[in-house]
Protein chains: 2
Amino acid sequence: MTDFFQTLNQFVRLTPESEAALSAILKPFSLPRGYLLLKEDTTCNYIYYIEKGLTRTFYYKDGKDVTDWISLEKTFACSVVSYITRRPDIRNIELLEDSVLWGIHYNDIEQLYQKYHDIERFGRLVVSDGLVKLQQRFDDLHFATAAERYNKLLDTNPSVIQRVPLGMIASFLGITQETLSRIRAQHTRRKE
Amino acid sequence: MTDFFQTLNQFVRLTPESEAALSAILKPFSLPRGYLLLKEDTTCNYIYYIEKGLTRTFYYKDGKDVTDWISLEKTFACSVVSYITRRPDIRNIELLEDSVLWGIHYNDIEQLYQKYHDIERFGRLVVSDGLVKLQQRFDDLHFATAAERYNKLLDTNPSVIQRVPLGMIASFLGITQETLSRIRAQHTRRKE
DNA sequence: GAGCTTATTTGACAAATATCAAAGGAAATT
DNA sequence: AATTTCCTTTGATATTTGTCAAATAAGCTC
């Protein structure tokens, strides 16, 4: 939980009362690799703070597994569309490693939003940060070649490349795994 | 201004005091087609509500003009990245038609966020809505062919196709204008 | 409405990436 | 250690889309 409040402090400084109220709604999860946090066609009720581990948000498009987002430690994971709109959507979330998470239920945080101005501010800033990150991810793919996409990821999130299977990274980048494998082969050749 | 508060009411119901405070910071703009609302490498200080008209957010990538976002009436336009991070970024915003806008200055709304809980909530909900829309746009392009991208736009925003030049739509979809022109030719042929 | 500018279409060709198929490797399980 | 399963690489080929160049078409301005 310490990690969570450390991350939170990067967004906003809460009053002790708000902090206590927020810590009271955090639910701990300790779950194994492969666990499905969210199943497609259900409504996402939790946003998860990742203390330890790694999650992947994915869906099926024309029968093919497409990775939508990868969340690392000290960030959040959820189906943004479902959590905000309160409707089911196509996304699944799975754990790529054994993980320790803190879940925030939609209804619980809604109540705190109503009651505590500073928690509402926290919410606004978290969503704003998410919006900036998604825009940057979008920019990284817009009119970029397969190699450019991979290099950008290597720049911004090198640990993802160590921890996530190639096929998932490929679909995260909007390319096939064969193409990504060939790009990687080029890379190592260059380094020799 | 009526339009603005009508749109606002879809997000949240403000107290009369908050509404008055918010209306006091709205700045009216009436500007001609072609006007540059935001210039690249500057910080975006305004978010604009579009009462009438149409804006395009764009930047240059490898010397080529890339359309990032198109905003229609009753929606907002700004460089999300720059407005939130308070840093310059690469995006320009131009008017594609003579327009009537209401600008909200970053500093002004920040003050209101501090003072009025319900305006902070409004901010959170606007950003949340923006996040959902960006995610949906992202989904529309992820692993979609050129024709699929165009058809999706035709479904969700047909008016854009009437009002925005083909080259700009093409780059918005992440394809070349020649490819889009050929897709359109296929389309009309099918209808005959 | 002639002339200029800008936007769109079309064609020929090149490049990038996907697809299909198969072979290697690595890791987990018994 | 052997077996199974999953992950990655490689090769051959097909498809899609981009690039370059030129021809039309549509809008604006004087």
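Both backbone and side-chain heavy atoms feed into the values below; hydrogens, waters and symmetry mates do not. The sequence lines fix the lettering, A, B, ..., with proteins before strands; numbering per chain opens at 1.
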Options C:dT10, D:dT10, C:dT8, nucleotide nearest the side-chain atoms of A:Ala185: D:dT10

Out of C:dA7, D:dT8, C:dT9, whichever nucleotide has its closest atom nearest the side chain of B:Pro165: C:dA7

Expected list for residues 21-42 of chain A: side-chain donor-acceptor pairs under 3.5 angstrom, two or more places apart:
residue	atom	partner	partner atom	Å
A:Ser23	OG	A:Ala20	O	3.2
A:Lys27	NZ	A:Tyr46	OH	2.9
A:Thr42	OG1	A:Lys39	O	2.6

Derivation and outcome, side-chain contact (heavy atoms from CB on, under 4.5 Å), residues B:Lys152 and B:Leu141: CA-CA 9 Å; B:Lys152 193 76 187 185; B:Leu141 302 198; over 6 Å; no

Stretch residues 56-73 of chain B: residues that reach within less than 4.0 Å of DNA chain D through a heavy atom: B:Lys64

Residues touching DNA chain D, which here means a heavy atom under 4.0 Å, drawn from residues 170-182 of chain A: A:Gln177, A:Glu178, A:Ser181, A:Arg182

Atom-to-atom span, [atom1] of [X] to [atom2] of [N] - whole angstrom:
X: B:His187; N: C:dT8; atom1: NE2; atom2: C1'; answer: 17 Å
X: B:Arg184; N: D:dT24; atom1: CZ; atom2: C1'; answer: 15 Å
X: A:Gln162; N: D:dT8; atom1: CD; atom2: C1'; answer: 15 Å
X: B:Ile183; N: C:dT10; atom1: CD1; atom2: P; answer: 13 Å
X: B:Leu166; N: C:dT10; atom1: CG; atom2: P; answer: 11 Å
X: B:Arg163; N: D:dG27; atom1: CZ; atom2: P; answer: 16 Å
X: B:Gln186; N: C:dT10; atom1: CD; atom2: C1'; answer: 13 Å

Atom pairs under 3.5 Å: protein N/O with N/O of nucleotides 23-30 of chain C:
none

Pi-cation contact, A:Tyr106 with A:Arg86 (under 6.0 Å, within 45°): yes

Derivation of the side-chain hydrogen bond (donor to acceptor under 3.5 Å, both in side chains) call for A:Thr55 and A:Tyr48: CA-CA 10 Å; A:Thr55 73; A:Tyr48 298 95; over 6 Å; no

Using the test salt bridge (charged side-chain N to carboxylate O under 4.0 Å, His left out), find all partners of [X] that sit at least two apart in sequence or belong to another chain.
X: A:Asp118; result: none
X: A:Lys52; result: none
X: A:Glu94; result: A:Arg56
X: A:Glu17; result: none

Pairs meeting criterion salt bridge (Lys or Arg N to Asp or Glu O under 4.0 Å) with involvement of residues 123-143 of chain A, two or more places apart: A:Arg124-B:Glu110, A:Arg124-B:Glu120, A:Asp129-A:Lys133, A:Asp139-B:Arg91

[X] versus [Y]: any side-chain heavy-atom pair under 4.5 Å?
X: A:Lys74; Y: A:Tyr49; answer: yes
X: B:Asn151; Y: B:His187; answer: yes
X: A:Arg184; Y: A:Tyr150; answer: yes

Pairs satisfying side-chain hydrogen bond (donor to acceptor under 3.5 Å, both in side chains), at least one member in residues 153-167 of chain B, at least two apart: B:Glu73-B:Arg163, B:Glu97-B:Arg163

Five-pair end axes of the helix from C:dG1-D:dC30 to C:dT30-D:dA1, angle between them (10°): 50°

Results of side-chain hydrogen bond (donor to acceptor under 3.5 Å, both in side chains) for A:Asp108 - residues two or more places apart only: none

